[in-house]
2 protein chains.
Amino acid sequence: MRSNVAKKQLESKTASSAASRPYRIEDQIGYLLRRAHQRASAIFQTGIGDPNITPTQYSSLAKLDEYTELSQNLLGRLVGMDKATMQGVVRRLKERGLVDSRPDPGDARRTLLSLTTEGQRLINRLLVNGPAVSRETLKPLNAQEQKQLLDLLSRII
Amino acid sequence: MRSNVAKKQLESKTASSAASRPYRIEDQIGYLLRRAHQRASAIFQTGIGDPNITPTQYSSLAKLDEYTELSQNLLGRLVGMDKATMQGVVRRLKERGLVDSRPDPGDARRTLLSLTTEGQRLINRLLVNGPAVSRETLKPLNAQEQKQLLDLLSRII
DNA sequence: GTGTCATCGTACGTACACGAACGATATGGG
DNA sequence: CCCATATCGTTCGTGTACGTACGATGACAC
């Protein structure tokens with residue numbers, strides 16, 4: 001009841017200014033990002049070619065393919081993951097024999113990660129499907145809009 | 001080694017067509033959505049006014065404020081959450097005394113959810129901060145770009 | 001060399017997110 | 001009325017995601 005009064009007051013107040021519309025959850029950037037990320041993950045899972053590989057695992061394997069050898073911490077920074085999160089991702093990849101680790105000879109705090117032969121073989125295969133997954137996710141937009149969306153997203157990160 | 005050969009072949013192949021650039025993880029829509037969602041969540045957590053309320057809990061409380069009473073399943077559809085995920089969110093909100101439930105008199109499968117007095121008071125307070133959180137998240141973009149991003153995101157959901 | 005401070009990896013707790021399986025209930029066709 | 005089918009909510013398992021705290025190591029000042 002108190003809220004209804006408050007809401008009505010807010011509505012009449014904002015209705016007068018054309019620029020600000022009423023606050024709706026569905027129009028908020030955080031909500032839209034959550035939903036869009038959900039859909040992208042679902043498309044990834046069905047299209048990447050291995051249902052047991054997650055988006056974060058895929059990013060990690062792809063970065064190791066690119067750099068050959070990386071410390072766990074640096075890998076985390078490159079793929080935008082917290083070190084605590086990275087720890088879990090790496091542990092699972094090691095358990096599956098996709099990633100190997102050895103102590104850094106120059107810095108005893110570091111663990112150097114690299115792909116195993118099997119991990120190399122897997123990421124080579126998955127990378128083929130990557131473009132199709134992105135294409136499917138962006139399908140509702142035309143080429144110019146797709147480019148724009150990627151640009152806008154990278155600017156709010 | 002095998003991958004390096006493959007990568008070079010891919011590069012030289014795609015370099016010839018101007019439209020398709022080399023495949024980089026950082027430019028993929030899924031990766032950008034994950035990073036953008038991370039940042040939005042972080043801003044939400046520090047700005048919404050209660051560090052113990054998560055974005056999904058906030059959406060749920062806001063929808064209950066809007067509709068007064070909803071079944072758990074319908075609430076899940078309105079905020080874009082799986083029923084299994086919804087179950088955990090609702091359980092935590094009930095444990096904290098923010099949400100109440102009663103059996104649907106007309107359908108014994110359903111549970112009707114509503115805000116408690118405390119839940120109503122909390123969401124009224126948090127909704128005040130909602131616009132500032134969205135504003136901060138979109139800060140790197142100008143007004144037209146902000147509008148465009150919201151439009152593009154809603155179209156790929 | 002010693003103390004101070006930062007960095008790296010680990011461990012624990014909390015909270016999404018979803019697939020799969022399950023039991024209870026509802027609904028429509030026969 | 002009865003059965004097939006669908007829906008609703010729960011439970012289990014796996015995997016992010018992050019805050020916090022911790023111990024080991026490294027870097028640097030003094």
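It should be emphasised that the depicted structure is a prediction, and the values quoted were computed from it without experimental measurement. Chain A is the first sequence line, chain B the second, and so forth, proteins listed ahead of strands; every chain is numbered from 1.
One interatomic measurement links the two molecules: CD1 of B:Ile48 to P of C:dA15, which rounds to 17 Å at whole-angstrom precision. Taking atom CZ of B:Arg109 as the reference point, atom P of C:dT25 lies 11 Å away to the nearest angstrom. For the pair A:Asp104 CG and D:dG26 C1', the interatomic distance rounds to 12 Å; values are reported in whole Å. B:Leu78 places its CG atom 15 Å from the C1' atom of D:dC8, with the value rounded to the nearest Å. Atom pair B:Leu93:CG and C:dT14:P shows a separation of 16 Å (rounding to whole Å applied). Put simply, CG on A:Asp107 is 6 Å from P on D:dG26, counting in whole angstrom units.
By the side-chain hydrogen bond (donor to acceptor under 3.5 Å, both in side chains) test, A:Glu118 is found to be paired with no residue, residues two or more places apart in sequence or in another chain being considered. Every residue meeting the side-chain hydrogen bond (donor to acceptor under 3.5 Å, both in side chains) condition with B:Thr54, not counting sequence neighbours, appears here in chain and number order: B:Thr56. Under the side-chain hydrogen bond (donor to acceptor under 3.5 Å, both in side chains) criterion, A:Arg125 pairs with no residue at all, not counting sequence neighbours.
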Checklist outcome for this item: For nucleotides 10-20 of chain D, 5' to 3', base contacts (B), sugar-phosphate-only contacts (S) and non-contacts (-) with protein non-hydrogen atoms under 4.0 Å give BB---SBBBB-

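No donor-acceptor pair closer than 3.5 Å links the side chain of A:Arg155 to the backbone N or O of B:Leu141. Between the side chain of B:Thr46 and the backbone N or O of B:Ile43, at least one donor-acceptor pair lies under 3.5 Å. Distance alone, capped at 3.5 Å, is enough to place a donor-acceptor pair between the B:Ser154 side chain and the B:Leu150 backbone.
Here salt bridge (charged side-chain N to carboxylate O under 4.0 Å, His left out) pairs that include residues 49-64 of chain A, with residues two or more places apart or in two chains, are A:Lys63-A:Glu66, A:Lys63-B:Glu26.
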Could I get a table of every N or O pair under 3.5 Å where one atom is in the protein and the other is in nucleotides 1-3 of chain C?
none

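Contact annotation: A:Arg110 reaches the phosphate of C:dC8 (side-chain N/O to OP1 or OP2, under 4.0 Å).
A donor-acceptor pair shorter than 3.5 Å can be found between the side chains of A:Gln28 and B:Ser134.
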